[in-house]
Amino acid sequence: MILHLAMNPDTQKQLKITDITAQKLDKLNIRTAWDAVLHLPLRYEDETHITPIADAPVGVPCQVEGTVIHQEVHFKQRKQLVVQIKDGSEKILFLRFIHFYASHQKQMAKGKRIRAVGEIIHGFLCAEMIHPKIRDAESGGLAESLTPVYPTVNGLNQPTIRRIIETALGSVSLHDTLPDELLSRLKLPHLAESLRLLHAPPPDYTIHQLADGALPAWQRLKFDELLAQQLSMRLARQKRVNGQAQPLRGTGELADKLLHALPFALTGAQQRVLAEIRADMLQHYPMHRLLQGDVGSGKTIVAALAALTAIEAGAQVAVMAPTEILAEQHYLKFKQWLEPLGVNVSWLSGSLRKKSKEQAKVALAGGETLLAVGTHALFQDDVQFQNLGLVIVDEQHRFGVAQRLALKNKGADVHQLMMSATPIPRTLAMSFFADLDVAVIDELPPNRTPIKTRLVNSVRRAEVEGFVLNTCRKGQQAYWVCPLIEESETLQLQTATETLAQLQLALPELAIGLVHGRMKAAEKAEVMAAFSSGRLNVLVATTVIEVGVDVPNASLMVIEHAERMGLAQLHQLRGRVGRGAAASACVLLFAEPLSELAKARLKVIYEHTDGFEIARQDLNIRGPGEFLGARQSGVPMLRFANLEEDLPLLEAARNIAPLLIEERPDIVEAHLNRWLSSREQYLGA
Ligand code: ADP
Ligand code: MG
C-alpha cells in the first residue's frame with residue numbers, strides 16, 4: 001500500500017510521529033509544526049478537583065472519584081460495559097462504555113478506586129456518564145490547571161494530540177512577527193504568551209475566562225488571522241493593479257446604436273454604473289468590479305453595453321452564467337441586441353453536441369465570434385479566444401471553487417465584471433471581498449407596477465387556480481413554482497410532474513409547460529422558448545427558474561410551500577414578475593403548521609420588496625456564514641475571528657495592513673508565512 005503523506009518527513013521527525021499519525025493529522029489540516037501550534041483547544045476540562053457524585057451537576061463536565069461496586073457486560077442491543085461506582089456521598093453513578101477492551105475491564109475491576117471525567121446525564125434509572133475518561137485514583141494527584149480538549153479525529157486521542165502540540169510548541173520559533181509598539185497600541189499580548197496560555201492555561205484561569213473570545217490571548221490570535229487575511233487581499237489587489245490588461249477604449253458607435261434601438265432609456269443609476277465600468281476598462285490593469293443591483297434592476301443591459309465597448313475596442317467578450325437556463329436566456333438577449341449591429345454571438349455550454357461545440361470554438365479562436373455566452377464550459381482548457389478582453393460573470397457566487405479558480409487563472413489579464421443580486425454585508429465586503437470594486441444600481445426602471453404579495457393557505461389552492469385562469473384569459477402569463485424537496489431529486493421530479501398533471505386537469509383551457517433541473521438542455525430551451533413567445537400560458541417550474549429568467553408578459557407568480565424556501569430564493573422568484581406593464585402579483589402558498597423561522601421569513605417577504613432590506617433581515621435571521629453559503633462558494637472561513645463580533649479587530653487589521661505593506665515588507669512576509677498554510681487559498685472574490 002502506498003501511503004499518501006502530505007506532511008514532509010522532516011516535520012514528521014520534528015513532531016516525533018509515525019506515518020499513521022501524520023495521516024490523521026492531515027485530516028485536521030495539520031501539516032506543519034505551525035499548523036499544530038495553531039490547533040487550539042475547543043474547550044477545557046476541569047480535573048483540578050473532585051466533585052462528590054451527589055453534587056455533580058447534570059450536563060456540565062466534572063470529575064468524580066469512587067470505588068467500583070459492580071461491573072458487568074450487557075448484550076442488549078449492543079455489547080456494552082457497565083460499571084457502577086460509589087463515593088462517600090451514598091449515590092451510585094453508572095459508567096457506560098460501548099467501545100471497550102479487556103484492559104478497561106481490568107482497570108475498572110470491582111473494588112478499584114477510579115476517577116471519571118465526563119458529563120452526567122440522567123439515564124434510564126439513575127445518573128450515568130457515557131464514555132467518561134477514566135484514571136486510576138491512586139496513580140497521581142489532581143491536575144494543577146485546566147486540561148485543554150482539542151478538536152480531533154478518530155484514532156487520535158487527546159493525550160497524543162496534546163503531546164504533539166507540546167512538541168510543536170517547543171520546536172518552532174515563537175518569535176513575534178508584530179512590533180511591540182503596535183501590540184501595545186492595540187493592547188494585545190505577545191503571540192508566544194497567548195499561545196502558551198491557551199494550550200496550557202495557568203492555574204488561576206477558569207473555564208469561563210478561557211471560553212471568552214474577549215480574552216486578550218484569543219484577541220491576539222483573531223487579530224493575527226484577520227491581519228493575514230487583509231494583507232493577502234491587499235497584496236492580491238496590488239498584484240492585479242501591477243498586472244497588465246489591454247485598455248479598452250470604445251468608440252461609442254455600437255453602444256449608441258443599441259441605445260437607440262431599445263424601447264426604454266437607461267435609468268440614472270444604470271448610466272452611472274456604466275460610466276464606472278467604462279472607466280475601469282480604460283485602465284492598463286484588469287478591472288475587478290462587482291455590479292450589484294436588485295432583481296429586475298436592469299443589470300443585463302448594462303453588461304451588454306459594457307460588452308459593446310470592449311468589442312468596439314477590438315476585443316472579444318465572454319459572458320458566463322452558473323446555470324444552463326440562465327446562460328441561455330443571456331444568449332438569446334445578447335443575440336437579440338447585438339446581432340442587428342453585426343456582432344456575432346455564439347453559445348457554448350457543456351451539453352452542446354460535439355460538432356456544434358467544435359464550430360463555436362473555431363469561430364472563437366479565429367475571432368469571427370466577438371461574444372460568447374455560456375456556462376463554465378467557456379473556461380475549459382481547450383476553449384481559446386483570439387483576443388479576450390472582458391469577462392462578464394453573472395451570479396458569480398453560485399459558481400463552485402474549481403470554476404472560480406479556472407476563471408481566476410484564465411482571466412488573470414482580462415477585465416472582469418461580476419454581477420449579483422445578493423448584497424454583500426459591510427463586514428464581508430471589508431474582508432473577503434476586499435479586492436473588489438463595487439458599483440450599485442440603486443434604482444429600479446420606471447413604470448414598474450409594484451408586485452402585490454399575498455400569503456394564502458394551501459387549503460385554498462382551488463381559488464389560486466382560478467386566479468391563474470383569470471390572469472391568462474387577460475393575455476398574461478403565470479409561473480407556478482413546485483414545492484422544494486431538498487432531500488431527493490427524484491422526489492422533486494415526481495412532485496413537479498404531479499403538479500403539472502394537477503394543473504392541466506384543473507385548467508384544461510390553458511397551455512401548460514414544465515421545466516425542471518433534470519431535463520436535457522435542449523428540452524429546457526424549447527420549453528423556455530415556448531413560454532417566452534407566449535405559446536404556453538403557464539410555466540410549471542422547479543426552482544431552476546430562480547435566477548435571471550426574464551419574460552415581461554408574465555405577471556403572476558405562484559409559489560407552493562413557500563414556507564420551505566429561503567428569503568433570497570423567494571425574493572428572486574418574486575422578481576420574475578413585475579417586469580412588464582401589467583399589475584403583477586405573487587401568491588405564496590403555505591401549509592400549516594409553520595415553524596417560527598418560516599413565519600419570520602414569510603413576514604419579511606410579505607412586508608418588504610427591497611432586496612437590500614430583505615438581505616439585511618435575512619442576515620439577522622441566519623448569520624453571515626449561512627447567508628453567503630460561504631463554505632460552498634469557497635470563501636475561506638475564518639478559524640478564530642468572527643466578523644460580526646470582532647468588527648473592531650477587523651477594522652484595526654484593515655487600517656494597519658496598508659501601512660505594513662508600505663513600510664515593513666519583512667513583517668508582511670513573516671506574518672503571511674506563518675498564517676497562510678500551504679493549502680489555504682485566499683481566493684479573493
Ligand atoms: P436583473 O438586474 O435582475 O438582471 P434584467 O437585466 O433582467 O434585471 O432587467 C429586468 C427587465 O427590465 C428586463 O426586461 C429589461 O429589459 C428591463 N429594463 C432594464 N433596464 C430598463 C430601463 N432603464 N427601463 C425599462 N426597462 C428596463
Ligand atoms: Mg439578471
Side-chain angles (χ1 to χ4, degrees), residues 255-256 258-275 277 289-308 319-338 340 373-375 392-399 417-424 438-451 476-477 479 528 531-534 543-555 557 568-582 584 586 609-612 614-615:
D256 284 348
L258 174 56
L259 279 174
H260 281 117
L262 286 176
F264 54 78
L266 295 187
T267 62
Q270 283 171 318
Q271 287 173 17
R272 178 172 46 74
V273 297
L274 186 60
I277 294 164
R289 190 171 278 274
L290 177 72
L291 175 58
Q292 282 205 332
D294 204 351
V295 188
S297 61
K299 297 185 286 291
T300 321
I301 185 66
V302 173
L305 289 163
L308 283 177
V319 179
M320 192 160 95
T323 66
E324 292 256 344
I325 287 207
L326 184 51
E328 178 119 29
Q329 285 262 323
H330 281 328
Y331 171 60
L332 296 173
K333 253 283 118 77
F334 277 82
K335 210 161 99 146
Q336 179 200 332
W337 283 335
L338 270 51
V373 186
T375 56
I392 298 172
V393 190
D394 201 4
E395 301 293 341
Q396 179 245 20
H397 64 280
R398 292 176 158 255
F399 282 100
L417 176 64
M418 272 100 23
M419 299 194 281
S420 170
T422 309
I424 301 174
V438 182
V440 183
I441 306 185
D442 51 6
E443 175 189 0
L444 287 182
N447 308 324
R448 283 280 159 85
T449 43
I451 306 164
Q476 295 156 21
Q477 291 165 282
Y479 296 101
M528 290 309 295
F531 189 65
S532 295
S533 66
T543 48
V544 291
I545 62 153
E546 186 190 327
V547 285
V549 175
D550 183 34
V551 180
N553 191 47
S555 66
M557 166 66 66
Q569 214 169 15
L570 289 170
H571 179 62
Q572 287 272 357
L573 284 170
R574 181 171 60 184
R576 300 304 111 213
V577 296
R579 295 176 165 230
S584 294
C586 174
T609 50
D610 174 21
F612 284 73
I614 291 170

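Order of appearance sets the numbers: ligands from 1, and atoms from 1 within every ligand. These numbers come from a predicted model, not from an experiment.
- Summarising the geometry of Leu291 relative to Val302, their closest heavy-atom pair is CD2-CG1, 3.8 Å, with the distance given to 0.1 Å.
- For the pair Leu262 and ligand 1, no heavy-atom separation below 4.0 Å is found.
- Partners of Phe531 under the ring pair (Phe, Tyr, Trp, His ring centres under 6.0 Å) rule, at least two apart in sequence or in another chain, are Tyr479.
- Between the side chain of Gln329 and the backbone N or O of Asp550, at least one donor-acceptor pair lies under 3.5 Å.
- Using a 4.0 Å cut-off to heavy atoms of Val295, the atoms of ligand 1 that qualify are 3 (O).
- Contacts between Ile441 and ligand 1 below 4.0 angstrom, taking non-hydrogen atoms only, are absent altogether.
- The closest side-chain heavy-atom distance from Leu305 to Leu258 is below 4.5 Å.
- Contacts between Lys299 and ligand 1, counted as non-hydrogen atom pairs separated by less than 4.0 Å, involve both the backbone and the side chain.
- Contact analysis puts Gly296 in contact with ligand 1, with a non-hydrogen atom separation below 4.0 angstrom.
- At a 4.0 Å heavy-atom cut-off, ligand 1 touches Gln270 through the side chain alone.
- Contact check for Gln477 versus Val577: no side-chain heavy atoms found under the 4.5 Å cut-off.
- For a threshold of 3.5 Å applied to N or O pairs, the pair formed by Leu266 and ligand 1 contains no separation below that value.
- Listed by chain and number, the residues in a side chain to side chain contact (heavy atoms under 4.5 Å, CB included) with Thr300 are His330, Phe334, Trp337 (sequence neighbours excluded).
- With Gly578, Ala421, Pro445 as candidates, the residue nearest to atom 27 (C) of ligand 1 on a non-hydrogen basis is Pro445.
- If you look at Ala265 next to ligand 1, the close heavy atoms, those under 4.0 Å, all belong to the backbone.
- With atom 15 (C) of ligand 1 as the reference point, the heavy atom nearest to it among Thr300, Thr267, Val551, Asp550 is part of Asp550.
- Residues Thr267 and Leu444 come closest through the heavy atom pair CG2-O, 4.1 Å.
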